[in-house]
Amino acid sequence: MMMMMMTLRRGVAGASRLNASRFFSSSLHSGGVGGDLAADDLVLDDVPVSAPVTSVKSDTIPTLLQPRVVIYDGVCHLCHRGVKLVINADKDRKIKFCCLQSKAAEPYMRICGVDREDVLRRFLFIEGPEAYHQGSTAALKVLSYLPLPYSALSSLMVVPIPIRDAAYDYIAKKRYDWFGKDTNCLVLKEKELLERFIDRDEMIHKKWSD
């Protein structure tokens, strides 16, 4: 997740609209995957992005997605510190997490139109069915869901984007040199955090190399 610690001072990013025709609230899908879906679950019809919506078959098996999910660089020490900060502050468990290096991250990236390299540069926050955010705009959006004093830091959104971009990108570029990295997702070393991860089952049964 890039920068949760650094966004206590400044931020970056860019928000984009999701393709609403392919990112649905579960209110449009009762039942389906694993029984009834939670009210804020999202469903992605598992069809290639290039395929027109009208080509979706009625028997297509959907992939269950969720809102308020942070996709971040799981091997980055700085990013991991930011994740721990959010987990400790987020007593209402509003925010969920997923390591970029896991397969569970792929449908989220696909529906946002970003790839692995994009997320390595600027972490991804899927806020809901209409928008996603990257970089420190993503960090500030995440902070807005936390209790005070963290939520007050979201007011840094008023800082001009070019300034936030410059600060974020510089730290992001240097993060491995300054803070280090691991070969596997760092949450594997602190398994008490796993309950907040949508890819926890995958991480428990598999390790991967960056």
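All residue numbers in this chain count up from 1 along the given sequence.
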Worksheet item: Does the side chain of L124 reach to within under 4.5 Å of the side chain of C112, using non-hydrogen atoms?
Response: yes
Fill in: Check: K96 side chain, V70 main-chain N or O, donor-acceptor pair, under 3.5 Å
no
Worksheet entry | F197: partners by ring pair (Phe, Tyr, Trp, His ring centres under 6.0 Å), with sequence neighbours left out | F97
Discussion item. Less than 4.0 angstrom from a charged side-chain N to a carboxylate O is my criterion; do D90 and R93 meet it?
Written reply: no
Worksheet item: Is the backbone of V114 close enough, under 3.5 Å, to the side chain of D118 for a donor and an acceptor to pair up by distance?
Response: no
Item to complete: Measure from the side-chain N and O atoms of Y108 to the backbone N and O of Q66, and report whether any donor-acceptor pair falls under 3.5 Å.
Response: yes
Worksheet item: What's the spacing between K141 NZ and H133 NE2 if we round to 0.5 Å?
Response: 4.5 Å
Practice prompt. With sequence neighbours left out, write down each residue that passes salt bridge (charged side-chain N to carboxylate O under 4.0 Å, His left out) with E192, or none if nothing qualifies.
Written response: none
Worksheet, complete the sentence: Closest non-hydrogen atoms of I71 and A105, given as atom of the first, atom of the second and distance, are CG2-CB, 3.9 Å
Worksheet entry | Chi angles and distances behind the side-chain contact (heavy atoms from CB on, under 4.5 Å) call for D115, V119 | CA-CA 7 Å; D115 60 24; V119 182; over 6 Å; no
Practice prompt. May I have the step-by-step check of side-chain contact (heavy atoms from CB on, under 4.5 Å) for S151 and L143, ending in yes or no?
Written response: CA-CA 5 Å; S151 59; L143 289 171; over 6 Å; no
Response to the item:
Closest non-hydrogen contact found for L140 with S154 is O-CB, 3.5 Å
Fill in: E117 CD to L100 CG distance, which is reported to the nearest 0.5 Å
8.5 Å
Response to the item:
Here the gap from M203 atom CE to C185 atom SG, rounded to the nearest 0.5 Å, amounts to 5.0 Å
Worksheet item: In terms of side-chain geometry, is the basic nitrogen of D165 or R122 positioned less than 4.0 Å from the acidic oxygen of its partner?
Response: yes
Worksheet entry | Reported CD1-to-OH distance for the pair I95 and Y145, which is rounded to 0.5 angstrom | 6.5 Å
Discussion item. Test your reading of the model: is there a side-chain donor-acceptor pair from E202 to the backbone of K103, 3.5 Å cut-off?
Written reply: yes
Discussion item. Working note: F179 + K174, criterion side-chain contact (heavy atoms from CB on, under 4.5 Å); need CA distance, chi angles, decisive distance, verdict.
Written reply: CA-CA 8 Å; F179 299 94; K174 299 288 187 179; over 6 Å; no
Worksheet item: Hey, mind stepping through E106 and R116 against salt bridge (Lys or Arg N to Asp or Glu O under 4.0 Å) and telling me if it holds?
Response: CA-CA 9 Å; E106 293 175 1; R116 187 170 181 266; over 6 Å; no
Item to complete: Nearest 0.5 Å please: distance from the SG atom of C79 over to the CZ atom of F123.
Response: 8.5 Å
Worksheet item: Would you say L120 and M109 are hydrophobically clustered, going by side-chain heavy atoms of ILVMFWY under 4.5 Å?
Response: yes
Worksheet entry | side-chain contact (heavy atoms from CB on, under 4.5 Å) between V75 and L186, worked out | CA-CA 6 Å; V75 302; L186 288 160; 5.7 Å; no
Practice prompt. Indicate the atoms forming the closest heavy-atom contact of C99 with G74, along with that distance.
Written response: SG-CA, 4.0 Å
Fill in: Co-membership, hydrophobic cluster, residues L156 and V158, 4.5 Å side-chain
no
Fill in: Criterion side chain to side chain donor-acceptor pair (under 3.5 Å) against D73, the qualifying member of H80, R121, Q101, K181
Q101
Worksheet entry | Closest heavy-atom pair and its distance - V69, I198 | CG1-CD1, 3.8 Å
Worksheet entry | Y72 OH to L78 CG distance, which is reported to the nearest 0.5 Å | 11.5 Å
